[in-house]
Chemist: 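Input: one structure, supplied below.
These values consider heavy atoms only, across backbone and side chains, with no hydrogens, waters or symmetry-generated copies. Numbering of ligands and ligand atoms starts at 1, following listing order.
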Amino acid sequence: MGFPKLPLLGLFLLLAILNSPASADGPICPQTETLSRASFPKGFLFGTASAAFQVEGAVEEACRGPSVWDIYCRKYAFRCSGDNGDVATDFYHRYKEDIKLMKNLNSDAFRLSISWSRIFPHGRKEKGVSKAGVQFYHDLIDELIKNDLTPLVTVFHWDTPSDLEDEYGGFLSQNIVKDFMEYAEFVFNEYGDKVKNWVTFNEPWVFSRAGYDEGKKAPGRCSKYQNEFCDDGRSGYEAYLVSHNLLISHAEAVYIFRNKCEKCKGGKIGIAHSPAWFEPHDFNDAQDGASIERSLDFMMGWHLDTTMFGDYPQRMKDVVGHRLPRFSREQMAKLKNSADFVGINYYSSRFSNYVEKPDPSKPSWMQDALTTWEEKNVFGVSIGSKPTTGALEVYSRGLRKLLKYIKDKYNNPEIVITENGYGEHLEDKDSVELGTKDYNRRIYLMRHLLSLHEAICEDGVNVTSYFHWALTDNFEWQNGYKHRFGLYYIDYKNNLTRHEKESAKYYKHFLSQGTPPSKIKKDEL
Ligand code: BGC
């Protein structure tokens, strides 16, 4: 990310090169005694992240229409842990207070998403535009800029307008392409002069697989053999269709961004992918080694190969066959090189194990990958470590390995860490006191920043910014408010007051003086 491209004269060009965080030989890393922001290349941005439905609340204010998540959590409260996004952290009203928290951290950037149905309450412009909704994002973006915080804006973070879902099945239909194009063009033209960094889609893999193959997330579709709570859906089919329509929508939106939006000149645009890293389940089994490539192809290449090289990975085409839709030549041409940077949301890693005998009567995305993902390897050793209250295994080495893999496979692209964070569920022990003593998150953050530094400064990976998920605790989809990811604790029982956690104190310290690397233990928790 870093600096926008400007039409420059020779002198400016020279200055830009000298200031650039990366050179032909790789990023330039200052030698420092502590691990702090000063150890990273000049111009590197550190921020925090959020998504509209997880924080805004105010779901009925200023004519906002419902999204699939509003409907899903109201209809199947138990599938959202009994919670919903009606109030969330009330960011809609309290964003100025939260911007002060970002300033308190000394951070430089903030990732937000726009709620489609807050702009077009019924999904389409002809059915009405909410002026107040449009104004809300202007005010928020202006306030960020006034506070020297660079905005990174996600156009779509899973909240399809409910009217489009009802009308034609949302992303299951190719009708979504023109409606997404209209919405994306509208927000580019509205905010493109202020926002120079954009993400079209957040985590297509999670959106398609969890929403249309496992039925874990809205709209909660799948075959019964995958999840007994699914009323409708078809695992092993729909997810591929949804991603196909999503990828075409992405390519069209990027085409508009690059060719039809004057205000967007000098901006950058990409997708936020969500790969794990994989180690072999059994080091002595070559089949397990080979399954790693398949896991990465299915989890990341599905959408990354497509936007880099113009088509799905060959391994996917071979296994999924006729269930994987095909792109036309024109679509492939638009998809190829349709991202200026690779967005990566990294949380955890897994051991990859191969599946010898798939059951063709129960197709699913996971089975197509011919792998299973294990927390322990064949010797019973865990990947990284998992504190009892932790949501996922902590394996910071996986971040470095993943980044190197992307550098080598995709021709050294610019990479933005669009998310990285630690989730915990404190259950009946949940309290301000315990929640703010989040020493595990503090260690998680420390180790991942070190691993990121190694990837950049030792492996020469061109990463230009890092966004921690999340600024505050928030609505964690199917886990409701029970899983906390924030650097700041939200007291849901007491007027949503914000409390600084130990992890926030560490991030703040890292963004000023920093810690000697020798004090950061490299082994996992
Ligand atoms: C998503 C976020 C989510 C986070 C933690 C990512 O999958 O983009 O919306 O809250 O991970 O689960």
Side-chain angles (χ1 to χ4, degrees), residues 47-57 67-70 72-73 79-81 83-85 88-89 91 110-116 152-160 198-214 216-218 239 243 246 270-277 299-300 302-304 342-350 373 386 389-395 398-399 402 416-425 438 440-441 444-445 448 466-488 490 503:
T48 53
S50 72
F53 191 68
Q54 297 182 267
V55 297
E56 285 179 7
S67 75
V68 287
W69 272 97
D70 296 79
Y72 181 72
C73 293
R79 290 168 87 174
C80 299
S81 294
D83 296 323
N84 61 48
T89 70
F91 183 75
F110 183 61
R111 178 175 174 216
L112 62 116
S113 82
I114 294 180
S115 161
W116 188 341
L152 164 64
V153 174
T154 312
V155 180
F156 181 80
H157 200 121
W158 307 347
D159 41 4
T160 318
W198 293 84
V199 165
T200 51
F201 285 95
N202 182 65
E203 301 192 348
W205 170 70
V206 172
F207 179 68
S208 300
R209 188 201 175 201
Y212 299 84
D213 204 75
E214 289 184 303
K216 270 195 184 170
K217 286 185 158 74
S243 273
L246 179 152
I271 287 183
H273 304 271
S274 50
W277 177 249
M299 198 182 194
M300 178 166 71
W302 185 8
H303 305 96
L304 183 53
V342 177
I344 292 294
N345 296 354
Y346 174 80
Y347 286 88
S348 188
S349 296
R350 282 279 178 271
W373 299 345
K386 186 166 159 190
T389 51
L392 289 168
E393 284 69 18
V394 179
Y395 191 63
L399 174 62
L402 177 70
V416 172
I417 307 297
T418 32
E419 286 179 31
N420 169 239
Y422 177 80
E424 65 187 347
H425 45 94
D438 63 335
N440 289 331
R441 182 173 292 102
Y444 180 100
L445 177 55
H448 283 78
Y466 170 90
F467 291 82
H468 190 79
W469 184 273
L471 177 72
T472 60
D473 296 330
N474 57 67
F475 177 74
E476 179 51 27
W477 311 112
Q478 72 270 28
N479 296 311
Y481 298 103
K482 289 157 192 85
H483 280 210
R484 296 180 176 272
F485 273 87
L487 295 170
Y488 289 88
I490 297 275
S503 55

Chemist: Do W477 and Q54 come within less than 4.5 Å of each other through their side chains, counting heavy atoms only?
Modeler: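 Yes - at least one pair of side-chain heavy atoms lies under 4.5 Å apart.
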Chemist: How far is atom 12 (O) of ligand 1 from its nearest protein heavy atom, and which residue and atom name does that atom have?
Modeler: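 Checking every protein heavy atom, the shortest distance to atom 12 (O) of ligand 1 gives E476 OE2, 2.6 Å.
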Chemist: What verdict does the side chain to side chain contact (heavy atoms under 4.5 Å, CB included) test give for N474 and W469, after you've listed the backbone C-alpha separation in whole Å, the side-chain angles of each residue and the deciding distance to 0.1 Å?
Modeler: CA-CA 10 Å; N474 57 67; W469 184 273; 4.0 Å; yes
Chemist: Would you mind running through ligand 1 and noting each atom that sits below 4.0 Å from a heavy atom of E203?
Modeler: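 The list of qualifying atoms is 1 (C), 6 (C), 7 (O), 8 (O).
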Chemist: List ligand 1 atoms under 4.0 Å from H157, heavy atoms only on the residue side.
Modeler: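 Checking each atom against H157, I get 1 (C), 2 (C), 8 (O), 9 (O).
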Chemist: Which residue holds the protein heavy atom closest to atom 1 (C) of ligand 1, what is that atom called, and what is the gap in Å?
Modeler: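 Of every protein heavy atom, E419 OE1, 3.3 Å lies nearest to atom 1 (C) of ligand 1.
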Chemist: Find all atoms of ligand 1 within a distance of less than 4.0 Å from any non-hydrogen atom belonging to Q54, and give their numbers and elements.
Modeler: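 Numbered from 1, ligand 1 contributes 2 (C), 3 (C), 9 (O), 10 (O).
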Chemist: May I ask you to test the D438-R484 pair for a side-chain heavy-atom distance under 4.5 Å?
Modeler: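 When only atoms from C-beta onward are counted, R484 and D438 do not touch, as no gap falls below 4.5 Å.
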Chemist: Report yes if the distance between the aromatic ring centroids of F485 and Y422 is under 6.0 Å, otherwise no.
Modeler: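 F485 vs Y422: aromatic centres not under 6.0 Å.
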Chemist: Between E214 and R209, does any side-chain N to carboxylate O distance fall below 4.0 Å?
Modeler: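 Between R209 and E214 there is a salt bridge, with a charged N closer than 4.0 Å to a carboxylate O.
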Chemist: Strictly under 4.0 Å, does any heavy atom of V206 approach an atom of ligand 1?
Modeler: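 No heavy atom of V206 comes that close to ligand 1.
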Chemist: State whether the shortest distance between N or O atoms of W477 and N or O atoms of ligand 1 falls below 3.5 angstrom.
Modeler: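 N/O-N/O distance under 3.5 Å: yes.
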Chemist: Which is closest to atom 4 (C) of ligand 1 by heavy-atom distance: F207, F485, Y347, Y346?
Modeler: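 Selected option, by shortest heavy-atom distance: Y347.
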Chemist: Is it the side chain, the backbone, both or neither of H483 that has a heavy atom closer than 4.0 Å to ligand 1?
Modeler: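 No part of H483 is near ligand 1 at this cut-off.
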Chemist: I'd like to know if the side chain of N345 and the backbone of S274 have a donor-acceptor N/O pair within less than 3.5 Å.
Modeler: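 No; zero donor-acceptor contacts below 3.5 Å.
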Chemist: Is it the case that the side chain of S113 and the backbone of V155 share a donor-acceptor pair, with hydrogens and angles ignored and the cut-off at 3.5 Å?
Modeler: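 No; zero donor-acceptor contacts below 3.5 Å.
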